[in-house]
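Note that this is a predicted model, so its numbers are computed, not measured.
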Amino acid sequence: MSSLPDLSSERVHFDLTTLRLFEATAELGAVTKAAERIHLAPAAASRRIQEFEAQFGIALFDRLPHGMALTDAGRTLLAHVRSMIHSVARMQDDANAFRQGNMGVVRVAACTSVVLQFLAKDIRHCNALYPGIKIDLIELNSQGVLETVTRGVADIGIYESTLGGSVLPSVPYREDRLVLVTPRTHPLAHYDSVTLDDILPHNVIGLSEGAAISLMLGRLASETNRMLHMRIMVRSFHSMAAMIAEEIGIGLMPTAVAALLAGGEQFRSVPINGEWATRRFVLCHQPDIAMSSAAKSLVEALSSPVSQNANPDSSK
């Protein structure tokens, strides 16, 4: 295949249709499927992709026998394309808000613990306050939430605070407390409470890479010069509960999640001693200048009052 011309010194020209076509091709792996999604003729779509690559002077896709795959350069540009598409959507939201009042689409990224415990009630509250605002919810682990908001793909993110601070504006959101979930026959099942030292000798079911609970356990084990036995990692608390039910290991869950998913006779939930079992969640968002009025309204609704967000176990 001949190399693309070096046009890096020239001004790049493209439109929103081309950006959406590029994103769709990256997601679907075929320009014909992407053309169908955004209602373009396949030949016109193929020509747009070729012209888009030619303007940068680099190949953005590898042409494979059964489709198209992003090159390293294509993956890098995809993040910029998504950010631009999202910026246009925010601009449209603001225009709608001025015409029709507080309306628009707000993209919220949140970790699984927050989605399962808090967001359903909070979203219902937001829907009642702002019926014109549509919430596009993205469920990720805490590390993924931070990355998504930092890249500008989401307006608002909610993540577990031990991952560290963010350069973005942030406010406190909620607290929860972890419990140890074991099979009914496990040696720890009948303890009144457990400590980190009790947990570490046993096989722990971990959550996928980037999950705050797994990262915290690894850090605590390292700080005490102990080994963390995490032979299997899963992507959700539902999968963790399934593994615990089969006596493959034990796991840590927020109290409310354990009550929801591991309340059957085959499980035991054991309180954990130590401040480390209390987790605090943070709400971060784009800088005000990059926020639509709808997103600003949602931040205000989600972040107040903090007093209602007390640790569920604080009354004990």
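- For S46 (side chain) and A43 (main-chain N/O), no donor-acceptor pair under 3.5 Å exists by modelled atom type.
- Clustering ILVMFWY residues whenever any of their side-chain heavy atoms sit less than 4.5 angstrom apart, transitively, puts M230 in the very cluster that holds V181.
- Look at D15 and R48 and you find a salt bridge, because one of the NZ, NE, NH1 or NH2 atoms lies within 4.0 Å of a carboxylate O, short of that distance.
- Remark: E223 CD is packed, more than 12 non-hydrogen atoms of other residues, nucleotides or ligands lying under 6.0 Å away.
- In this structure, the side chains of V282 and V171 stay at 4.5 Å or more apart for every pair of heavy atoms.
- F267 is not listed as a side-chain neighbour of T182, based on a closest heavy-atom distance of 4.5 Å or more.
- The shortest side-chain heavy-atom distance between F281 and C111 falls under the 4.5 Å cut-off.
- Judged purely by distance below 3.5 Å, without hydrogens or angles, the side chains of D62 and T71 never pair a donor atom with an acceptor atom.
- Rounding to the nearest 0.5 angstrom, the gap separating the CD1 atom in I250 from the CG atom in L180 is 4.5 Å.
- Residues R82 and I85 are not in side-chain contact: their nearest non-hydrogen atoms beyond the backbone lie 4.5 Å or more apart.
- When the side chains of ILVMFWY residues are joined at heavy-atom separations under 4.5 Å, either directly or via intervening members, M227 and L220 end up in two distinct hydrophobic clusters.
- No more than 12 heavy-atom neighbours from other residues, nucleotides or ligands sit within 6.0 angstrom of CZ on R184.
- A salt bridge is absent between E300 and K296; no separation between the charged side-chain nitrogens and carboxylate oxygens falls under 4.0 Å.
- You'll find the side chain of H202 stays beyond 4.5 Å of the side chain of L200, heavy atoms only.
- Crowding of R75 atom CZ: a count of heavy atoms from other residues, nucleotides or ligands under 6.0 Å exceeding 12.
- Proximity of a side-chain donor or acceptor of E53 to a complementary backbone N or O of F61 within less than 3.5 Å is detected.
- Cluster membership check: M233 shares its hydrophobic cluster with L217, using side-chain heavy-atom separations under 4.5 Å among Ile, Leu, Val, Met, Phe, Trp and Tyr.
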Test side chain to side chain donor-acceptor pair (under 3.5 Å) applied to T195 and N273, step by step: CA-CA 5 Å; T195 65; N273 293 325; over 6 Å; no
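- T32 places a side-chain heavy atom less than 4.5 Å from the side chain of P42.
- R174 forms a cation-pi arrangement with F118, by the criterion of a distance under 6.0 Å to the ring centre and an angle within 45° of the ring axis.
- With sequence neighbours excluded, the residues satisfying salt bridge (Lys or Arg N to Asp or Glu O under 4.0 Å) with R37 are E27.
- Between E160 and R279 there is no salt bridge, since none of the side-chain N atoms of the basic residue sits less than 4.0 Å from a carboxylate O of the acidic one.
- Between R177 atom CZ and W276 atom CH2 the span is 8.5 Å, to the nearest 0.5 Å.
- For the pair Y173/D122, a side-chain contact is recorded, criterion being any heavy-atom separation below 4.5 Å from C-beta on.
- Using modelled atom types, no side-chain atom of Q117 and backbone atom of V257 make a donor-acceptor pair closer than 3.5 Å.
- The aromatic ring centroids of F22 and F52 lie less than 6.0 Å from each other.
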Test log, rule side chain to side chain contact (heavy atoms under 4.5 Å, CB included), inputs I133 and V105: CA-CA 6 Å; I133 296 177; V105 179; over 6 Å; no
Stepwise side chain to side chain contact (heavy atoms under 4.5 Å, CB included) test for L261 and H238: CA-CA 7 Å; L261 302 180; H238 291 82; 3.5 Å; yes
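- Using a 4.5 Å heavy-atom threshold, the side chains of H285 and V149 count as separate.
- Across D155 and A295, no two heavy atoms sit closer than the pair CB-CB, 4.2 Å.
- Using a 4.5 Å cut-off between side-chain heavy atoms of Ile, Leu, Val, Met, Phe, Trp and Tyr, with links allowed through other members, I158 and I135 fall into the same hydrophobic cluster.
- Annotation for D176 and S113: closest pair OD2-CB, 4.3 Å, computed over non-hydrogen atoms.
- The existence of a salt bridge linking R268 and E247 is excluded, since no basic side-chain nitrogen approaches an acidic carboxylate oxygen closer than 4.0 Å.
- Between R151 and A79, the closest heavy-atom pair is CD-CB, 4.4 Å.
- The line from SG of C284 to OH of Y159 is 5.5 Å long, rounded to the nearest 0.5 Å.
- The two residues D198 and S193 come nearest to each other via the heavy atoms OD2-O, 4.4 Å.
- For the residue pair P287 and L168, the shortest heavy atom distance occurs at CD-CD2, 3.9 Å.
- Distance check: S236 OG to L207 CG gives 8.0 Å after rounding to the nearest 0.5 Å.
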Test log, rule side chain to side chain contact (heavy atoms under 4.5 Å, CB included), inputs L302 and C126: CA-CA 8 Å; L302 289 172; C126 292; 3.9 Å; yes
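- Scanning all heavy atoms of the two residues, the minimum distance from A189 to P183 falls at CB-O, 3.6 Å.
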Stepwise side chain to side chain contact (heavy atoms under 4.5 Å, CB included) test for R107 and H86: CA-CA 9 Å; R107 182 166 286 190; H86 189 54; 4.0 Å; yes
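- Checked against V145 for a side-chain contact (heavy atoms from CB on, under 4.5 Å), the options V108, T112, L140, V114 give a single hit: L140.
- No continuous path of ILVMFWY side-chain contacts below 4.5 Å connects M291 to V153, so the two sit in separate hydrophobic clusters.
- Atom CG of L298 sits about 11.5 Å away from atom OG of S293, to the nearest 0.5 Å.
- More than 12 non-hydrogen atoms from other residues, nucleotides or ligands lie less than 6.0 angstrom from CD of Q266.
- Residues T278 and E175 have side chains that never bring a donor and an acceptor to within less than 3.5 angstrom of each other.
- Remark: E265 engages no residue in a salt bridge (Lys or Arg N to Asp or Glu O under 4.0 Å) (not counting sequence neighbours).
- Every residue two or more places apart in sequence or in another chain was checked for a salt bridge (Lys or Arg N to Asp or Glu O under 4.0 Å) with E147, and none qualifies.
- Here the CD1 atom belonging to I244 is positioned 12.0 Å from the CG atom belonging to N203, to the nearest 0.5 angstrom.
- Judged by distance alone, with hydrogens and angles left aside, the side-chain atoms of S239 form no donor-acceptor pair with the main-chain N or O of R235 at under 3.5 Å.
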